Q: 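Just dropping this structure here.
Predicted model, so just to flag it, every value in this text is computed and none were measured. Counting begins at 1 with the first residue of the sequence. Values below: every heavy atom of this structure, side chains too, minus hydrogens, waters and symmetry copies.
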Amino acid sequence: MSADTINSISEFLLHAGTEYKVFDIGRRLTIIDNQSFLDIESGNAYAPLPRQQHAWFGIVFWNKQSSTEHYIWFVKLPIDEQGLVVTAARNHFLDIIVDALGQSIIEDTEKAQTLPDNPYSFVPNQALLAQFNALVKHTLSQPLSDEAKQVEAYIQAPQLVDWQLLSMQSVADFAFSLPTHSHQYRLEEAFVNNVSLYSDVFLNTFMEMLEYVPLSKPVETFVLQRFFQKAQYDDINLAALRSLSSNEFDQQLHRELKSILNKDISTRLDVLSVVAARHYEQMDNELLTLFLTQAAKADESEGHAGALFSGFFSDLVQVPKLRRQVLTLLRSPDRPALLAKAFNQLFAQTGK
């Protein structure tokens, strides 16, 4: 096997005789089918969930002859201004893995777990790694571990379980099992009833692990009412804000985000970052204008000289669902004066 005969990461994995699944781990955490991944890595389809000018993937593979051991590559590929993967970078990564592994991936799959140093591999942070592992287990229909069952027990009876013995991974495993759990509604009811009894550390971890898990409407409403509605936003619970992440437009959530973005607290970098990364689905023209205006205000007040605003603009304009909206707002004569100033500064710096 050589780089001259292999034209894609997908083809390499197929020729190496592996079974594999690909997960997009950009703005959300979702499984993508193999044909879609081939189209994306080949620059024939937009990266659907890019962040920081890259498409981010977790690739799980195993020897077809033995599915007991699974191996993972975490790969980030740069995208161009249109949101397409830069195929030259993909080809460079492909050269690296073919040169390093040849056909040994099928003969010695474990060797393929450790790639040579390269600019395309990365290690997720602890929270994302726990969430990714939980989704993989769920996708491969692996049973809930005993430790995850302890999380379930703590949800139902926090006074009987020592939360300090619960790992982040076990919390993530339980969170990802919840939408298909045979006792989903009973567990959700227990969460609502016992929320004041949980350790703050556990509660924040649990809500953070829920950010890629579809919440039922009662749980979403509860989180909104407990942590946001009627609040003055002197502070904000970022874990709760992350837990409300949704892959579709939600009127109730949209109203709350509008309220948040009308408060001074939304000029905080951490708040802006969570809204941009997790709530892009809620960004109609009104919310997008509010968000970028607050980003411009934060940039100006903190003396970032346009760098902060430029970062958020560059990030959002590469999201396929937002690209047209962002570019329309860029040219709108009705945009707020502060936003117009930020756009002018942005393009003065880039020379466009």
Side-chain angles (χ1 to χ4, degrees), residues 21 23-25 27-31 58 60 68-70 72 74 123-228 236-247 253 270 274 277-279:
K21 292 186 181 294
F23 299 81
D24 192 317
I25 56 176
R27 305 183 100 80
R28 296 195 65 77
L29 187 53
T30 58
I31 188 169
V60 180
T68 57
E69 295 291 336
H70 295 82
I72 303 170
F74 291 109
V123 178
N125 63 39
Q126 183 184 11
L128 180 56
L129 185 59
Q131 292 164 318
F132 177 81
N133 287 335
L135 178 57
V136 170
K137 293 175 187 176
H138 185 70
T139 301
L140 298 178
S141 301
Q142 295 180 354
L144 210 56
S145 67
D146 289 340
E147 193 176 0
K149 290 177 181 176
Q150 282 296 100
V151 178
E152 180 178 327
Y154 181 72
I155 289 287
Q156 296 180 89
Q159 67 276 17
L160 301 180
V161 178
D162 183 357
W163 67 269
Q164 296 180 82
L165 300 178
L166 306 175
S167 68
M168 180 180 286
Q169 185 61 65
S170 66
V171 177
D173 291 345
F174 170 74
F176 275 79
S177 76
L178 191 55
T180 55
H181 199 291
S182 57
H183 300 300
Q184 176 189 358
Y185 299 114
R186 187 176 74 192
L187 291 167
E188 289 178 346
E189 184 179 14
F191 169 67
V192 170
N193 292 336
N194 295 331
V195 70
S196 61
L197 303 177
Y198 300 139
S199 152
D200 288 343
V201 174
F202 171 84
L203 182 59
N204 286 333
T205 300
F206 180 54
M207 288 193 295
E208 184 178 353
M209 294 303 101
L210 285 171
E211 69 180 329
Y212 300 121
V213 176
L215 298 185
S216 68
K217 205 62 183 175
V219 173
E220 178 193 336
T221 300
F222 170 75
V223 172
L224 279 167
Q225 289 176 343
R226 180 175 179 84
F227 295 99
F228 298 99
I236 197 165
N237 188 308
L238 292 175
L241 188 61
R242 291 174 67 167
S243 76
L244 294 167
S245 173
S246 174
N247 61 2
L253 178 56
D270 54 358
V274 172
R278 302 293 174 251
H279 297 296

Q: Looking at side-chain heavy atoms only, is the closest gap between Leu244 and His279 below 4.5 Å?
A: yes

Q: Would one find more than 12 heavy atoms of other residues, nucleotides or ligands at under 6.0 Å from atom CD of Gln126?
A: no

Q: Only one of Val195, Asn237, Leu238, Leu241 clears side chain to side chain contact (heavy atoms under 4.5 Å, CB included) with Met207; which?
A: Asn237

Q: Which distance, rounded to the nearest 0.5 Å, do you find between the CD of Gln150 and the CG of Asp146?
A: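 One gets 8.0 Å once the value is rounded to the nearest 0.5 Å.
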
Q: Just verifying a value: how many Å separate Leu197 CG and Trp163 CH2, rounded to the nearest 0.5 Å?
A: 14.5 Å

Q: Within a strict 4.5 Å, meaning less than it, do heavy atoms of the Leu166 and Phe174 side chains meet?
A: no

Q: Could you measure the distance from the CD1 atom of Ile31 to the CD1 atom of Ile25? Nearest 0.5 Å is fine.
A: 13.0 Å

Q: Between the side chains of Lys217 and Glu220, is the shortest nitrogen-to-carboxylate-oxygen separation below 4.0 Å, so that they form an ion pair?
A: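 Result for this pair is yes, salt bridge flagged.
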
Q: For Glu189, is the CD atom crowded, meaning more than 12 foreign heavy atoms sit under 6.0 Å from it?
A: no

Q: Quick one: do the Glu152 and His181 side chains pair a donor with an acceptor below 3.5 Å?
A: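 Yes, His181 and Glu152 have a side-chain donor paired with an acceptor closer than 3.5 Å.
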
Q: With a 3.5 Å cut-off and no angle check, do the side chains of Ser216 and Gln184 form a donor-acceptor pair?
A: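 Checked: Ser216/Gln184 side chains show no N/O donor-acceptor pair below 3.5 Å.
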
Q: What is the distance from atom CG of Asn194 to atom CG of Leu187, rounded to the nearest 0.5 Å?
A: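 CG of Leu187 is found 10.5 Å from CG of Asn194.
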
Q: Side chains of Glu147 and Ser167: donor-acceptor distance under 3.5 Å anywhere?
A: yes

Q: Do the side chain of Ser243 and the main chain of Leu210 share a donor and acceptor less than 3.5 angstrom apart?
A: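 Not a single qualifying donor-acceptor pair exists.
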
Q: Between Ile236 and Phe227, does a side chain to side chain contact (heavy atoms under 4.5 Å, CB included) hold up when you go through it step by step?
A: CA-CA 8 Å; Ile236 197 165; Phe227 295 99; over 6 Å; no

Q: Tell me which one of Arg27, Arg242, Arg28 satisfies salt bridge (Lys or Arg N to Asp or Glu O under 4.0 Å) with Glu211.
A: Arg242

Q: Considering only heavy atoms from C-beta outward, does the side chain of Asn133 approach that of Gln169 to under 4.5 Å?
A: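 Yes, close enough: below the 4.5 Å cut-off.
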
Q: If you look at every heavy atom in Ala130 and Ala172, which pair is closest and at what distance?
A: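 Heavy atoms of Ala130 and Ala172 come nearest at O-CB, 3.6 Å.
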
Q: Could you give the distance from CZ (Arg226) to OG1 (Thr221), rounded to the nearest 0.5 Å?
A: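 One finds 15.0 Å between CZ of Arg226 and OG1 of Thr221.
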
Q: List the steps, then state whether ring pair (Phe, Tyr, Trp, His ring centres under 6.0 Å) holds for Phe176 with Tyr212.
A: CA-CA 8 Å; Phe176 275 79; Tyr212 300 121; 7.2 Å; no

Q: Whether the side chain of Asp173 engages the backbone of Leu144 through a donor-acceptor N/O pair (distance < 3.5 Å, no angle test) should be reported.
A: no

Q: To the nearest 0.5 Å, what is the distance between NZ (Lys137) and NE2 (His70)?
A: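 It is 12.0 Å, given to the nearest 0.5 Å.
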
Q: Using modelled atom types and a 3.5 Å cut-off, is there a donor and acceptor pairing between side-chain atoms of Tyr198 and backbone atoms of Ile155?
A: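 Indeed, once roles are kept as given, a pair shorter than 3.5 Å links the two residues.
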
Q: Closest approach of Leu129 and Pro124, non-hydrogen atoms and distance?
A: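 For Leu129 and Pro124, the tightest heavy-atom pair comes out as N-CB, 4.0 Å.
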
Q: So, do Lys149 and Ser177 sit near enough that their side-chain heavy atoms are less than 4.5 Å apart?
A: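 When only atoms from C-beta onward are counted, Ser177 and Lys149 do not touch, as no gap falls below 4.5 Å.
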
Q: Check whether any side-chain heavy atom of Asp162 sits under 4.5 Å from a side-chain heavy atom of Tyr154, and report yes or no.
A: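 When only atoms from C-beta onward are counted, Tyr154 and Asp162 do not touch, as no gap falls below 4.5 Å.
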
Q: Locate the shortest heavy-atom distance separating Ala127 from Met168; write the atom from each residue and the value.
A: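 Shortest heavy-atom contact: CA-SD, 3.6 Å.
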
Q: Start with the C-alpha gap between Phe132 and Phe74, add the side-chain angles, then the distance that decides, and say whether ring pair (Phe, Tyr, Trp, His ring centres under 6.0 Å) holds.
A: CA-CA 10 Å; Phe132 177 81; Phe74 291 109; 5.0 Å; yes

Q: Within a 6.0 Å radius of atom CG on Asn125, are there more than 12 heavy atoms belonging to other residues, nucleotides or ligands?
A: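 Atom CG in Asn125 is packed in, count exceeds 12.
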
